[in-house]
Each structure stands twice: as C-alpha cells, then as structure tokens.
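To keep things clear, I will list the structure first and then write my remarks on it.
Below, all heavy atoms of this structure are taken into account, side chains as well, without hydrogens, waters or symmetry copies. Chain identifiers are assigned alphabetically (A, B, ...) following the order of the sequence lines, protein sequences preceding nucleic acid strands; residue numbering begins at 1 within each chain.
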Amino acid sequence: MTQAPESNERTRIERYDPVSIEPRWQARWEELGLHRTKFDESGRPPYYLLTMYPYPSGDLHIGHWYIVTPTDAIARFQVMHGKNVFLPIGFDAFGLPAENAAIKNNINPRDWTMSNIDNMRRQFRTMGARFDWDAEVVTADPDYYRWNQWFFLQFLKAGLAYRAKSPVDWCPNDGTLAREQVEGVDRHCWRCGAKVEKRDLDQWYLRVTKYADELLDFSQIQFPDPVRIMQTNWIGRSEGAQVVFETAPSPHHAGGEPLTVFTTRPDTLYGATFMVLAPEHPLVGALTAPERRKAVEAYVTKAGTQTEIERLSTDREKTGVLIGAEAINPVNGERIPIFVADYVLGGYGTGAIMAVPAHDERDYAFARKFGLAIRRVVARRGEESGELDGAGAYIAHSDDEVLVNSGEQTGLAADEGGRRIVAALQAQGKGKAAITYRLRDWLISRQRYWGTPIPIIYCPTHGAVPVPEADLPVRLPNNVDYEGSGVNPLTRDETFLNVPCPIDGEPARRETDTMDTFMDSSWYWYRYLSPRKQDGPLDHDLVEGWTPVEQYTGGAEHAVMHLLYAREFTKMLRDLGMVQQNEPWKRVFNQGQILGADGERMSKSRGNVQDPDELIAKYGADTVRLFLMFMGPWDQGGPWSPTGIGGVHRFLNRVWALALDPTYKEPGDPDAGTLPDGQDEAVARASLRAAAHKTLRDVTADYESFHFNTMVAKLMELSNTLFRYRGSVVAGGPEWDEAMRLLLLMLAPAAPHITEELWSRRADVRGEAWSTVHLQRWPTVDQSAVAESTREIPVQVNGKVRDRVVVPANADAAAIERAALASAKVQAILAGRAPDRVIQAGGGRLVNVVIRE
RNA sequence: GCCGGAGUGGCGGAAGGGCAGACGCGGCCGACUUAAAAUCGGUUGGGGGCAACCUCGUGCGGGUUCGAAUCCCGCCUUCGGCACCA
C-alpha cells in the first residue's frame, strides 16, 4: 500500500494505530490474568453472564462478533459496577457438519473439529473479549461427554429415560438421515439419491412430558415475550376428556374392544357420526375386516412413506379408508363406522378421535368428502332448530350455546352439558376429564458416529443393560472409516461393538446410537464452573453460589429447542438432587442475527460470509466492536453492510485526538479556539460539565437496557461537544479533564483497547501508577452539574408546535402559562381571541393552547 | 391457516401519548492543499416562498385524545415460528 508521507500537522501527535495497540493490551490482560474469575472471592456479588457457545464451523464470522462483543461490553460494565463477573466460552463440538465434512473429505471428524476450534480460539482473542479461557468446555472431549452418559444412567435409574420404537428416515445406503438430508418431493437421499423409507427403530427417550405443566410456569425465568409464547404453544396444553368407545360385534369380531379417544369438546359427543384412527394406531390391524385388509394395509404403508410436510399439509385433501368395523357411542349406543385416516396423528392424544363433523372443520371436510352424516348438537340459544348453512362446521363457542339432539342433555347450556356428559361417563367407567399436551418426550437417539455414545450394552439374556458407572466414559473410537457411506461407522467397528455383558460376562454388543447434541447443550454452563472436575459432573457449592445464570444471551432460533430442552434437563437434575434450582437462568435475551449482504443466512455454501479479519486489519477490533453495537438495536440484527464503519472509526480517532491534544487548533477550522454560541468562559465550563454528566446518566441506562446503539450515539455527541471546545480557553481545563475521564470510562466496556491505551497515557502524564481502566469504578452522576437554571418549553397551538419560550427552571404552572401566552407567535394566531383551554403536559414540559375554530 | 416481530429521510436508525428524523453513512457547499486523499467547518425529509415563515409528511383506511410514529379497530407488505394437535 502506498501511503502519502505524513503531512506536518499529523506528526504532532502519534496516530491512532489499533493494530499495534490491541495485541499489546490483549497480551497484558492475559499476563495479569485479568479475566480469570476467582470464584471463592467474597465481597463482590457474583454475576454469571452466559452467551450461547458456538458450533466450531471453522471460522469466526461477523455474526459471532455481533453475538459476543455486546456481551463482553455487559461483562465489563458489570465489573465496573463491582460485580465478580464470570464470562466463559466453549464449543458445541459434536454434530452433523463434522461428519458431513469427514465423509466428503475423508478425514476424521475429531481432527476437523479440533483444528476448527484452534482457529476459532485464535480469532476469538482478537476481539479482546474478557472470556475466562480456564473455564473452556469442549463437548466432544471425553471429560465432558462422560457426564452426558452418567446423567443418562441416573435418568434411567430414576425412570426418566426409557426405550421405545419410533420411525426414522432411512436410506438403504447411508442409514438414518436427518431431516435436512432428505431432499426433494420424491424424498431421495442427499448423498446417493436413493429413495428414502421409514423404519421403526428402538430408540431412547427422556420423559420430559412429566414436566409439561411445570414448564408452562415462567415465573422464575424472564424470557422475551415471543419466546415465552412460542414455548407455551409448543407445550400445547389442552383440556378435555377421554371417552371410551367399544367396538361393535361383527361377523369377524366379537366386539367389546375398548377404543379411547381424546376430545376437547365432550359436549359434542352426541354429534359423533364416525370414528377415525391414526394409521399408526395399534388396533388398526386387529380391527380391520378381512375384505378391507388389502386397502387398509396399502393406505397405512403409503402414510408411512409420505413426508411430514406432505402428510401434515393442512390444505391437502383429506384421505382415509374404512376398516370394516364399527364403534359404539357410549352415550347413545349408536354404531358408527371406523376409518383409518392420516389426518389423525399417532403421537397425539390417544391416536384416535370421535369425529363430530358438525362442529369440527377437519371432520366436516372428511364427512363431506365421504358422504357421512353431519349432525348438529350445539346451537346458539334461540336458533335450536336452525340447520348448518352448509359452508362448514359451527365452531364458535360462546356462553349462550345450548345442546340440541343430545338425549337427556338437550337444552342444557353447552358447558354444563359437557360437564354432565363427562360425569355420566365417569360413573360408568367410560370416560374422564383429561388434559393432553402437544409436547412429546425427548427422543435422544441419533444413528450417528459423532456424538456421545449411549452407555448401553445389549445382552442376549439380559436385554438392554446399562454400562456400569465405573466403566464410563464409553469412548468414541478415534479411528473411524466411513467407507464412503453415511452409515454410522460404529455399527461396523468390531472392537467397539463387542463387549461382555456387565451381568453375566457373556458376549454382548454395544449400543451404537449416540445422543442428540441438545443433551450436551443442556447443562454446559454448570460444567464451566468446574470443567476439570473428575469425580462428578458439577461442583455443588459453585453451582449453588453462581447459578441460575444471571443473564443468558443468544439467538431466537433456539426459542423452543435448546431453551426448552435445557429447562427440562434442569428440572430432571433437580429431581435427582443435583441442583436446587427450578430454572437454569434468570434472564434470557435474544440478540438478532446478522445476515449476509444478500439478506440470507450467512453460510459458506452461499458464499455470503463476512470475514472480520480484514476489517480488523483495516480498522482494529474496537472499531468493529463499536460499529456492530452502533448499527441498530441488538435484538434486531439484519443484513450485513459495512457502510458507516468509517464514521465509527472517525469517532475513535477523534477521541484519540481529544485525549492527547485538547488544545490543538485545526488549520482548516474557521471556528478554532472560539467558544460556541457566544458563551463566556464560566458558561462554557458549566455546560461542558453538564454535557458530560447528562451523557453519563443516559449512557448508564443504555448499558443496563442493552441499548448499545444509542449508547454509542450519546458518546459521539459528547465527543462532538468536546470537539467544539477543542483549542478554546476551556480545553484541557478541569471540566474538560473530567469530561474526558468520564468519556474514557463510559467507552471502556465497548472499546476496551483504545480506552486502556489512553487511560494508561493519562496516568503517565500525571505521573500516576497505572491501573487498568477495566477495574475502575463506574462514575456517579453529579446531579448539580446536570441541573439547569432555565428551561425551554415548546408551545403548541392545537397540537402543533408554534414557538418555544424560555422560563426559569423553577417557574410554576401559572408563570409558564403566562410566558406561553405572551409569545408573539401565539398572540398572532390567537388574533385577539381567548384560548378555550391551555394544557400543560408532563409537569410543564410542554404547553398546548387550544382554540376551537 | 394460526401465533409472534417489524414497516419512520437516499441508507442504518432515534423518539414507545407531548419539539418526528438524535447519532452515523451518503450528498451538497466551504476551509486546508499545486492537486487528490485524509482532516476540519457548514448544510441536508418533500413541496412553496427573496425572506421571516407556510404546508405536507412515520405502510394504508378509520377511531380515541387538547395532542398519535407511539393507544384501539380493520387491512397491506415483510421476516420468523407453528402448521390437520381433535
């Protein structure tokens, strides 16, 4: 790069050169151990600040900076408020991308992951974040994942883990596929293109539905509203009743087989005109009549091969087949036909419904298509004899509805009728009130290599036997050969597979499934507190002293997965006596996401990834940090654009110049040296102080509420104010010096390097010993500096601002009104008329003169 | 379809019943310079006026209020999430 020779005026002070300053201070902080948390320190209250640990994809991009640097600013701000801050970092090191890279490039997932982590550690250090690297956790480390295994064994003992069959997407060549590995409408494998099928596999579950009700209680965790709402919907509690129908006798069947359905509308039971079983319902096979068997089997098979999307698409036409059996409605003994149809889900409720087409849109659509009876049983009072208009089901559920065509219950209010129907059924043992949740148990089995091995051994005699705790960890073998396919290599690894049964010592085989990585991320903040502890997963004293985590920041994309799994996990740990708390974190904040310049998610494959390294080389880390905070509200994110970064860099250059050379006069500045607005020296001194302390008041509030963009704007304003006084008689004086000191302290959390450099030079100039700016106490606002002797009050006429009047700060309402009405502009508009009303808003902050035309 | 978030200058955004457009980018004018860059100062929502000023403006249409970007009702666009959950 050709650089013009430094012009004369720029040689007076040293140029702001972040590239030389930043690494120097980073090294110094590390040498001093400034970022290492002393957990046992008393006196300073603990403050655990957590940011979601990253997946080690290889390179830190600008999105990581966007996530991390404001969090670092919060940490530094809290340190300056006397808190004992813990800000750890680690890596979510297991998962599919490592395996994909491994298969593609024929390398080892561990090597790929670990070298990515090395690179990211290096890049992280260039941010200047105060991470406590001693606490680092890497989930692919056996020292970490052995505790996943240990927790699993405890859950098993406590009955919180169990095994059950469940379907997976299966490719004949590449084994189990993750959702994103199934491509196209024809559902082919992403690698080999083969047709994907469904397979039922035995898999492990965690019994998290046990906590469904408790998870709906958010009183001990502060979530952003959208997260709370999404979790509530995800859990999906609905109240209703279970009703037992029995099958009717037929030529092929004795009948009397109970079929339980769940309904939220027991009041509509008399309107049930058919019944529907999910294709997965266990009784489908047994109840199907011989002449229907072929059709039913074909239908069930087809349902199994359809994509979730296809099957669950709401605008798809309803399909289904009769199974050739009938059920008896317990309230009226009526025989109704039974269908199997895929609009009923196997995994929800009882997998069977009573269909009430008059009062349910889905049942209505199905009944119309198959020409089934539609019987109205609920009507608005006074419209009992009315017919359905044929446009659809009648859903509205209001207070003035009554039951019709409902036997003994006819004429009752719908609610009351529903209650009586349930009570009557309950008396006969044919029903009861029930609550159903949309939430399912947590399926943790993954047919993958790169994860935590599930510590189970299958013995021909004893079945699934837990690995004894003393034998943990079950290590993932390092030498793996994918043999060019996506099939989990553990299933071919004889050394791994063959083990003696822990009970009888006879030959047995290991479980080859590994755990969902959400298991890893459900407790890592506890491990950060004692990452190398060998005799247990967590240190109880530290956990109780430092958690729930004070503040957790991360992306909203985890609203219902990670953030819910981790809550469930914490409740399980609590029930095992491992922790005392009900929730893992006190407060969660969702920062926005930085997208590529094209508005799409940043990813290597899209080629829209912004590498921060070149920006740092050009502007330095402080500028990049500050720019990311300045761009907009932190919870908003948005497409990446470097437009404007120069403005932030210019701001830091100006802070640099103000700190090192207050009295300098720009040759190009016509106003250099004069005081603004014709102020005299005393007024200038007072307004400098006022500006500094007002900024302090506002910036403090902005840090506390994570409004970093306005925080930076206000610091820019203060530097602009200082700039106006640069070279004047007050430049370098005591008020200037105080303002400069406040500016550096306020800027320190956001731009840690330049402030540290200027702070140390300040100490040099004064002959004081150096002490880091980052351990200074946050300054306090001097209210007397902020107070002003006069106020300027906007005067509106009919809501439009027409003038401003200046009144003494202590003017009372009458005086303000007099001043407002005395305004020449107001008088001109009044034109001799008297105002109808004069309103003062906000204790005299504004006056509105109302005239009716 | 249902549930959420967001729509404000050329651009990122500020103000969350009381001065719309803070701060920054970009633009324009000027200073410094042989010149350019950098730096510094001024100016910058639209329309009108020589001016002081006037007028219109926060996605659209209504409403509440002395006063609405902000609250309410009905839409539109866009981004997330869920999606036959009985």
Note to self: Nearest whole Å is fine: how far is B/C82 P from A/Tyr348 OH?
What the structure shows: 17 Å
Notebook entry, point to check: Reckon A/Arg650 has a side-chain N or O less than 4.0 Å from the OP1 or OP2 of B/C25?
Noted result: yes
Check: Can a cation-pi geometry be assigned to A/Arg625 and A/Trp65, taking NZ or CZ under 6.0 Å from the six-membered ring centre and within 45° of the ring axis?
Finding: no
Check: Given atom CD of A/Glu717 and atom P of B/A15, what is their separation to the nearest angstrom?
Finding: 12 Å
Note to self: Taking any heavy-atom pair under 4.0 Å as a contact, classify A/Gln636: base, sugar-phosphate, or nothing.
What the structure shows: sugar-phosphate
Next item on the list: Between B/G4, B/G13, B/A86, spot the one nearest the side chain of A/Leu345, thanks.
Entry: B/A86
Margin query: Reading RNA chain B from 5' onward, which residue's closest nucleotide shows up sooner: A/Gly644 or A/Leu439?
Written below: A/Gly644
Note to self: Need the pair for B/A15. Rule: Watson-Crick or G-U wobble, both distances under 3.5 Å, any strand; none if unpaired.
What the structure shows: none
Margin query: Suppose you measure atom C1' in B/U78 against the same atom in B/G24; what distance do you get, rounded to whole Å?
Written below: 25 Å
Check: Checking all strands, does A/Ile353 fall into the base, sugar-phosphate, or nothing category for heavy-atom contacts under 4.0 angstrom?
Finding: base
Next item on the list: Rounded to whole angstrom, note down the C1' distance from B/C25 over to B/G18.
Entry: 30 Å
Item checked: A/Arg845 side chain, from C-beta outward: closest of B/A22, B/G18, B/C66 -> B/G18
Notebook entry, point to check: What is the distance, rounded to the nearest whole Å, between atom CZ of A/Arg726 and atom P of B/U39?
Noted result: 13 Å
Margin query: Closest approach to the side chain of A/Pro633, judged atom by atom: which nucleotide of B/G12, B/C3, B/A14 is it?
Written below: B/A14
Margin query: Would you call the rings of A/Phe627 and A/Trp640 parallel, tilted or perpendicular, taking 30° and 60° as the class edges?
Written below: perpendicular
Check: Is B/U65 paired to anything, Watson-Crick or G-U wobble with both distances less than 3.5 Å, and if yes, which nucleotide?
Finding: none
Check: In terms of base orientation, is B/G5 syn or anti, with the syn window spanning 90° either side of 0?
Finding: anti
Margin query: Let me spell it out: for each of A/Asn848 and A/Gly637, pick the nucleotide of RNA chain B with the closest heavy atom. Which residue's pick is nearer the 5' end?
Written below: A/Gly637
Notebook entry, point to check: Can you tell me how far P in B/G16 sits from the matching atom in B/A69, rounded to whole Å?
Noted result: 13 Å
Margin query: With a 4.5 Å cut-off on side-chain heavy atoms, are A/Gln242 and A/Val261 touching?
Written below: no
Next item on the list: Decide yes or no, distance alone: a donor-acceptor N/O pair under 3.5 angstrom between the base of B/G18 and the side-chain of A/Gln796.
Entry: yes
Note to self: When the C1' atoms of B/A51 and B/A37 are compared, how many Å lie between them, rounded to an integer?
What the structure shows: 39 Å
Note to self: By the 4.0 Å heavy-atom rule, please label A/Arg654 as base, sugar-phosphate, or nothing.
What the structure shows: sugar-phosphate
Notebook entry, point to check: Do the rings of A/His558 and A/His562 sit parallel, tilted or perpendicular, given the 30° and 60° boundaries?
Noted result: perpendicular
Check: So, is A/Tyr343 near the phosphate of B/A86, with a side-chain N or O under 4.0 Å from OP1 or OP2?
Finding: no
Notebook entry, point to check: For A/Arg601 and A/Glu557, what are the C-alpha separation, side-chain angles and deciding distance, and is it a salt bridge (charged side-chain N to carboxylate O under 4.0 Å, His left out)?
Noted result: CA-CA 12 Å; A/Arg601 242 181 78 99; A/Glu557 66 273 20; 5.2 Å; no
Next item on the list: Run the numbers on A/Leu269 and A/Val243 for side chain to side chain contact (heavy atoms under 4.5 Å, CB included), then give the verdict.
Entry: CA-CA 9 Å; A/Leu269 192 47; A/Val243 180; 4.1 Å; yes
Item checked: Distance in angstrom units between A/Phe708 CZ and B/C23 C1', rounded -> 17 Å
Checklist line | Spacing of the P atoms in B/C71 and B/C53 (rounded, Å) | finding: 33 Å
Note to self: Is the terminal nitrogen or CZ of A/Lys318 (NZ for Lys, CZ for Arg) located under 6.0 angstrom from the six-membered ring centre of A/Tyr343 and within 45° of that ring's axis?
What the structure shows: yes
Next item on the list: Check whether any side-chain N or O of A/Asn709 sits under 4.0 Å from OP1 or OP2 of B/A14, and answer yes or no.
Entry: yes
Item checked: N/O (side chain, A/Lys800) to phosphate O (OP1/OP2, B/G18) under 4.0 Å -> no
Next item on the list: Using a 4.0 Å heavy-atom cut-off across all strands, classify A/Ser238 as base, sugar-phosphate, or nothing.
Entry: sugar-phosphate
Item checked: Separation of B/C66 C1' from A/Leu846 CG (nearest whole Å) -> 11 Å
Notebook entry, point to check: Rounded to whole angstroms, how far apart are CD1 on A/Ile645 and P on B/G26?
Noted result: 12 Å
Item checked: Nearest-nucleotide pick for A/Thr710, side chain only, options being B/A15, B/G18, B/C3 -> B/A15
Item checked: Same-atom distance (P) from B/A22 to B/C76, integer angstrom -> 34 Å
Next item on the list: Give one of base, sugar-phosphate or nothing for A/Asn720, where a contact means two heavy atoms less than 4.0 Å apart.
Entry: sugar-phosphate
Notebook entry, point to check: Think A/Arg726 forms a cation-pi with A/Tyr664, using NZ or CZ under 6.0 Å from the six-ring centre and within 45 degrees of its axis?
Noted result: no
Next item on the list: Provide, to the nearest angstrom, the distance between the NE2 atom belonging to A/His707 and the P atom belonging to B/G24.
Entry: 20 Å
Next item on the list: Send over the distance from A/Asn653 CG to B/C40 C1', rounded to a whole Å.
Entry: 13 Å
Margin query: In whole Å, measure the gap between the P atoms of B/G30 and B/C23 for me.
Written below: 24 Å
Next item on the list: Using the C1' atom on both, measure B/G21 against B/G12 and round to a whole Å.
Entry: 13 Å
Next item on the list: Using a heavy-atom cut-off of under 4.0 Å over every strand shown, decide if A/Arg802 touches base, sugar-phosphate, or nothing.
Entry: sugar-phosphate
